[in-house]
Each structure stands twice: as C-alpha cells, then as structure tokens.
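Note that ligands are numbered from 1 as they come in the structure, with each ligand's atoms numbered from 1 the same way. Here the structure is a predicted model, which is why all the values come from computation and not from measurement.
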Amino acid sequence: MGVHRRQNGYTVNFCVDSHNSLGNYVVDADGNRMLDTFCQISSLPLGYNHPDLLAVARDPNNASVLAARPALAMYPNMDYPEKLENLIQAIAPRGLKHMTTMMCGTCSNENAIKQAFIRYRSRERGGNPTEEDLSSSMLNEGPGSPSYSVLSFDGAFHGRTFACLSLSHSKAIHKVDIPAMNWPFAPFPRFKYPLKEFEKENRADEDRCLAKVREIIAEKKSTGSPVAAVIIEPIQAEGGDYHASPYFFRNLQQICKETESAFIVDEVQTCCGATGYFWAHEAWDLPEPPDFVTFSKKLISGGYFFKEEYGPKLGARIFNTWMGDPPKVLMMEAVLDVIRREGLLDLTRTSGAHLMAGLEDIQAKYPQHVRNARGPGTFCAIDVVDSGVLAKVASNVRDKGVLLGTCGTNSLRFRPALIFQPHHADILLDTLESTLQEL
Ligand SMILES: Cc1ncc(COP(=O)(O)O)c(CNc2csc(C(=O)O)c2)c1O
C-alpha cells in the first residue's frame, strides 16, 4: 500500500469502506465485514452510519455550519453560545459548569494544564502578570516562565504534543528522540485478580502509590518546581487497561486539595458511557468535583470542563484558531439524544455484564492462555499470559471477523460502540474462544 510513503501510514491496518460500514460492523476496502469492538480507537459512540448522524449531515440547515469553520474565540456562529450552554447543561460532570471545546484529546489536556499553571501562578503572585513576568516570559525565564511541574503516572497516556508526551509513559516509541520536561511520575496501582481474592494486597498497593505521590509533591516543592497539577486517567487505557479503586481516586483528590495542585481527570477514552457511567469518575463518589475533566473520542469533539477559579481572567490566554468545531457539536447533540432516547447507558451496562461473564468463563477454561478479565461496562480487557502471542491472537480474531484492540504488553481491549448488544458480545466471545483453542 503506497499510502505509507506519503502520509506516514506505517500504522494503517486496513482502509475502511465508509459507505457500507453500518452500526457495529465495519467493512474494509476488500469488502470484508467485521464486528468492530474497537471502533476507531474507542471514538465511535454510535458505530457507523447511524441514521441520526446521517440526518445531521444531510440537513440543509447545517450546510453553512459545514461550509465555513469559524474562529470560535473571535467570531462564533450566532447560535453557538446557546448550543454550548445546552451542551453544558446536558453533560457537565456534577458541580462543573465551565467548558471549553477543543480539537482533540491532546489539545484538551494541553490547555487544561495551561489553565492550571495560570491559576497556580496567579495565586502565588496575587494577581495579574507584572511587567517583570511579561518581559522574562519572552526570554523563557522565571518568574514569567515558572519552573512548575505536572505529576502523571507510570503507564499513563495523555497525548503526543510536548507537554502531554512528557506526561505519557506507556510506550517508548512515542517518546524516543523527543526532549522531555523534567516532570515527575508516580507508580499507578497494579491490581492482582480476582479482585475479591486480593483486596488486601491491592489496597496496600494503592496506599504505596498514594504515599509516593505525597513524597514526590513534597520533593518537587522543596526543589523549586512545585506540582501545579496532577493528571490521571480513570483507567490507564493505552498503558494496559490498569484500574484503581474509588478509594484511590478520592485520596488522590484529597492530596491535591492539601497541596493546592489541580486535580485533572483525563476522560478522553473513558467518557460518554463506555464504563456504564457517562463519566467514569462518577463511580468514585468524590466529595467535590475534579478541578478539570478533559474529554474527546466518543464525545466527538475535544474539550474540558473546569472549576470557575481555573477560568482565565484575561483574554488570549487560552486560544487557537478554531477552539473546536461546530459540526462536531451538532453531532454531539445528536449522539446525546440517541443515548437518552434508546437508553444506551443501560444497554452498555447490560452488554458489559454479559461480556464480562463470558470473559470470566473463557479465562476459567483457558487459564494457560488468558487471565485478569476486567471491566467496567463494555470498557473491558483480558490479558494474554504470553505477550508474544498478543498480536497473533488479535490478528487471528480479526481474520475470523471480529476487530478488537490491544494495549500495554499483554492486553486485549474492547471498546465497542454504545449500541453494542449482548448478542454482539456472544459473537466476540465465541470468536475469541475458537481462536484460543487453536493456539
Ligand atoms: C486517555 C487519553 N488521553 C489523551 C489522548 C489523546 O487524544 P488524541 O489527541 O489522540 O485525540 C488519548 C488518545 N488515545 C490514543 C490511543 S492510540 C493513541 C496514539 O497516539 O497512539 C492515542 C487517550 O486515550
């Protein structure tokens, strides 16, 4: 395929026939139809060619929105403010009411982090930038360019631009050859399964990680690069679908509160229902909202919610040409309408429970091949015992007509659309089992 010579197509698996792909099924350029349980890296909320989304694209009233992309921070379409307000009302995490749209997950994380830095510095300085701040920032020197840091976690993935890449620790090939910020990262819990059997050990591991977070924040403060923000995924997806408990996240938020570090929850991959909650962090029952919640993928547009005190107090601080994309907001509106109308959160919980039960059956039958089945919702994964067969299992399952994802070194991961039903899970499970039988 010549595409890789001109468009860095080394990672292309196959080209999609976008006209004939439908619902949970993707069709490739050769006409092969596959059950898609990976859905464009977990970014298709309603699968392919959903009639409600096609209707948005075909609606002549939307033509002008598609035809000219506005610089939203300067010349928003006149109906855009109301659309954003409606969106915030519809999906804002409990306690958050400020939101900025962005282009993608990375862009959302980058700008959330910048807002955290601005707030940290403004609080430290006691107001707006001084002349010294402004002039020194032009030289990339303090105090205008402060030596703050952001704490992330081993196994994290937050994006591939400079700051987010420095925060990411999932694959070396993402990072090699690129300078990194000297920012710290703490260990993320590594649960032993089954959870019921290892409650004590897993809680001890979470406490170990929390103690390390405290230690790192104290150390960075004492060496003049205080941690202005902590960023974490509800489930470390690219790193290998690593989970932690609500206890861990509630304690992490408490540490952020005590140290005045912003608590940023990166929901780019977990948002919009796949875990059975609209926002994965709802499961944590936090005493107060996170300071930031970033999103993208299944919500079609990138963006982030944030607490009022983190909002920029001056113009032109958080800015880029487009600041989002109105047609994506039209699509988001349609997606949210379908989720509500068809009860897709309940369906995801039902299909997810069915999928998990099937994965647990399979790991009981083939303990020599797979283990650590884990959810929640349809945001499921199972590990192959021998990492050397991970790619082979995934490609054999695909050749039998089911597309799934992999992550980390050993994990098969499932990221189906919200329209995924129990009978689709049966197809996936039967195909996985027959593939394991052939190993
Ligand atoms: C938790 C989390 N945070 C941020 C990002 C970055 O989002 P995008 O910039 O790719 O939209 C992602 C993107 N996920 C992703 C999957 S493969 C990949 C890559 O760059 O290889 C990126 C994410 O999962």
Ligand 1 to [X] polar contact by distance, N or O atoms, under 3.5 Å:
{"X": "K297", "value": "yes"}
{"X": "D266", "value": "yes"}
{"X": "I41", "value": "no"}

Relative to ligand 1, is [X] under 4.0 angstrom through side chain, backbone, both or neither, heavy atoms considered?
{"X": "N109", "result": "side chain"}
{"X": "H158", "result": "backbone"}
{"X": "V268", "result": "side chain"}

If you take the centroid of each ring, where Trp contributes its six-membered ring, are F414 and F38 closer together than 6.0 Å? no
Give the atoms of ligand 1, by number and element, whose distance to some non-hydrogen atom of T106 is under 4.0 Å. 6 (C), 7 (O), 8 (P), 9 (O)
Under 4.0 Å to a heavy atom of E233 - the qualifying atoms of ligand 1, by number: 1 (C)
Taking C380 as the fixed residue, which of L428, L359, L404 is the one that meets the side chain to side chain contact (heavy atoms under 4.5 Å, CB included) rule? L359
Quick one: are M99 and F306 in side-chain contact, heavy atoms under 4.5 Å? no
K171 near ligand 1, heavy-atom distance under 4.0 Å? no
Can you name the one residue among R415, R413, R160 that meets salt bridge (charged side-chain N to carboxylate O under 4.0 Å, His left out) with E238? R413
Between the candidates C271, S43, S170, G105, which shows the shortest non-hydrogen contact distance to atom 7 (O) of ligand 1? G105
Testing H369, Q363, R371, R374 for side chain to side chain donor-acceptor pair (under 3.5 Å) with D383, which one passes? R374
CG of N320 to CG of N111: how many Å apart, nearest 0.5 Å? 6.5 Å
Say whether, by atom type as modelled, one donor and one acceptor occur between the side chain of R69 and the main chain of G324 under 3.5 angstrom. yes
